[in-house]
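Ligands are counted one by one from 1 in listed order, and the atoms in each one are counted from 1 as well. Given the structure is predicted, the values throughout are model-derived calculations rather than measurements.
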Amino acid sequence: MTQDALQRLIPSLRARTLAWWLAIEDALPGGRGRRSLWSALIVLVMAVLVTLVWLAGRYEASQLQAELERDTANAVSDLRTQLSRHVQALQGLQSSHPSEAFWTLEAQSLLRENRDMLRIEWRDPALNLNMMADSLLRSPVFERVRRSEALNEAQQACLRAKRSSGPSYSHSYFLPQTDGLGMEVMDMCLPNTQDGVLVGFTVVTYGLQELINARLGVGYGRRNEISFTEPDGTRLAIWGNQSRGLRLFTAQQLVDLPGNTLVLRMDGRRGEPDLFPNVLTALVTAMSIALVTVMVLLAKDSRRRLKAENDLAEALAFRKAMEDSLMTGLRARDLEGRITYVNPAFCQMVGLPAEQLTGRNAPMPYWPPEMVDEYKQRQAIRLAGNAPPREGFESMFIRADGTRFEVLIIEAPLISVQGLQTGWMGAVIDISEQRRIEELSRASQERLQATARLATVGEMASLLSHELNQPLAAIASYANGSLNLLRDPAASPQNMDDVHMALRRIAEQAGRAGKVINSVHDFVRRRDQAREAVAPQALVDAIAPLVNLQARKLQVKVHTRIESKLPQVMCDRTMVEQVLLNLARNGMQAMDQPGNLERVLVLQVRRAASSAEHGWVEFSVSDVGAGIAEDVVGQLFTPFFTTKPEGMGLGLSLCRTVVEQHGGHLGFEPLLPRGTVFRFTLPAVHLDKIAA
Ligand code: ADP
């Protein structure tokens, strides 16, 4: 476990509380509830906004309507003012008792000034026409229809005027014209009294169309359509063209005249763009857009936040799962050495719950009592920062049940997000099992080695007996010869010399037999594990007698080629001898086939050729035997694999183990045209090392 990994775990511990909160929040009404709340909020805000826009639109419409109403009211009042001015002007015309010529002049001037007056008549109290003047601005109105035929309305008005002693207006009526069209006109009758006596009437005929044109058209007709209508909506006179637009606003007002009531109607059209120019609408719309944007941003932000929270919770859950399933014990300590955190693996290791461990300081409950002092010192050194960081050290812990176990502790400084050291993080690995397995495998290796050696020795016993036969037979025959010579009564000094010679031979042969036995004895007994610097020659020499024993039996010639000035090799001498012996024996056995006439075994030692193995010494054993069959190659180093009836199949597997323990490599390759060569390497002792 690296320091980085340890440090990464710490923030996760701190954030675990947050993870719990998130989990609780998730358990509550949950994401679905939150979503529906959001939907409700969005719907509400949308509804409010739509209502606001609608209200603003309506407000604007009502503003327009009010404006139109105002215009209509103003128009009516303007109209009434104008009409009453006319009345005054006409009264002026009558009161001056004019001569006929003067009257005509005055009336003409009035008609010129007021285009809406079509004709002015001066009638006597019986309504007979005295004088009249037609407007010169147009053709006379009573041309197609005579005045006498259309006098009815005027008579009615004059009756009313007489009764009320004031001006009275007639109902409007249609008057066909010479151009084939017609027009709606209205008469106004003004009684003329002198000293309270009715002396006549002034009757003015108004054209309704001209009334609108002259009095209202300029002021109000630009944006609106102005018309006089009957109560049922029939238009009597109209001004202004219908401008195109979507929305029509209408306002009506009664023009209450004495004797007649006209309906003035104004139609105003306002198009779509009118929805926006209004400041309020624009403001509301802009605010709505801003509000919606803010809401969208908020929703986005909240979604991002939610995702981040989920990711965080997931990451935390993953880390927690990782921590809990970790086989390695984790232990965090603060700068005073107090335990701040332990993971489940650590609790399990020492057999104590986390509550009993966190907050504890030296001596820890898992320290063996006799080691407390030593461990305290060690901890003090570590806390003082004098120990190399991230370096593992082995230690002994004690479980709650009293059993002891070995651990490997790797401790590293705990660095906070701010870059300050807040304590120490340690990974604790229980290595007792590993140690036990190592010990077991070492013991079984040793046993296997011993077994293999004994097997070799067993094999050699037969060779020994064969080899000892010769010296023993020689000894026996020399002894018998000597006895015979000594038994001879006529023993001559010559005989004594022979006896001496025989005894010497006996001694020689006995010595030879002893050497044979000793070489085997040495080989079996020597169990020196230590590595030492050995000359390659010495290794070859040590196995030579045993190799020769077998070579003689199998009629094999053994050639030994040792490069000159070879460095010594660093090795476990006994083991390497065993390897050489195994390989030599295998080679010789491979050549032991009937009909195989060339039986040469070459033992060669030289410096390793490849540059990668510079500083290594290569041993090779080559034979000209049968070679290794394809199907055998894969299993060659498998323990207990053998093709020989009396074989154990352990030789090569042990050889490889031994060579690899020395850091070397054991391999083989076929020799052409026949045979096999086995090679292995051993590290050379460097000269400078020896000098040192
Ligand atoms: P053992 O010699 O007891 O059979 P080894 O592990 O030494 O066990 O050898 C395994 C097998 O490898 C042998 O049985 C043999 O078939 C084959 N072998 C080993 N060395 C040679 C060799 N030089 N030439 C041919 N075959 C060999």
Side-chain angles (χ1 to χ4, degrees), residues 444-464 520 523-524 539-540 543-544 546-561 572 574-605 618-662 664-681:
S444 68
Q445 271 283 343
E446 243 166 42
R447 268 205 300 282
L448 212 56
Q449 294 272 9
T451 315
R453 292 169 71 80
L454 285 177
T456 318
V457 170
E459 204 177 293
M460 296 220 163
S462 68
L463 292 174
L464 255 184
V520 176
F523 182 76
V524 177
L539 292 170
V540 176
I543 59 155
L546 296 172
V547 171
N548 288 336
L549 271 182
Q550 194 159 23
R552 224 167 295 148
K553 185 187 168 197
L554 301 177
Q555 290 143 28
V556 173
K557 266 193 221 152
V558 179
H559 292 310
T560 312
R561 291 182 200 147
D572 178 339
T574 323
M575 296 286 219
V576 174
E577 283 169 9
Q578 175 84 37
V579 171
L580 273 173
L581 192 60
N582 269 344
L583 296 180
R585 193 198 55 183
N586 277 350
M588 286 191 281
Q589 284 173 348
M591 289 187 286
D592 184 25
Q593 283 163 332
N596 189 2
L597 297 178
E598 199 197 354
R599 298 183 174 197
V600 183
L601 184 83
V602 183
L603 278 175
Q604 197 175 2
V605 191
E618 182 193 85
F619 293 74
S620 65
V621 180
S622 28
D623 63 74
V624 283
I628 300 171
E630 287 270 306
D631 54 331
V632 173
V633 168
Q635 313 177 58
L636 216 54
F637 294 102
T638 314
F640 303 111
F641 170 78
T642 180
T643 58
K644 300 167 198 166
E646 78 289 1
M648 291 241 326
L650 283 172
L652 285 180
S653 93
L654 281 172
C655 286
R656 189 158 73 170
T657 315
V658 168
V659 171
E660 285 177 357
Q661 275 174 356
H662 284 80
H665 172 73
L666 171 68
F668 66 92
E669 58 199 65
L671 207 62
L672 292 174
R674 49 187 279 126
T676 319
V677 53
F678 277 83
R679 297 176 208 281
F680 68 90
T681 48

Find the distance between OG1 (T676) and CG (L583) and round it off to the nearest 0.5 Å.
->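 Reported value, rounded in 0.5 Å steps: 11.0 Å.
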Between CG of D623 and CG of D592, what distance do you get to the nearest 0.5 Å?
->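 Result: 11.5 Å between the selected atoms.
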Collect the protein residues that have a non-hydrogen atom under 4.0 Å from ligand 1 and hand them over in chain and number order.
->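 Answer by chain and number: R585, N586, G587, A590, D623, G627, I628, L636, F641, T642, T643, K644, G647, M648, G649, L650, G651, L652, T676, F678.
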Taking side chain as C-beta onward, heavy atoms only, is L652 less than 4.5 Å from N582?
->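 No; the side chains remain at least 4.5 Å from each other.
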Residue pairs, two or more places apart or on separate chains, that pass salt bridge (Lys or Arg N to Asp or Glu O under 4.0 Å) and touch residues 631-640 | none
State plainly whether the residues K557 and E598 are in salt-bridge range, i.e. N to O under 4.0 Å.
->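 Salt bridge absent between K557 and E598.
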Classify the angle between the aromatic ring planes of F680 and F619 as parallel (below 30°), tilted (30 to 60°) or perpendicular (above 60°).
->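 Answer is parallel, since the angle falls under 30°.
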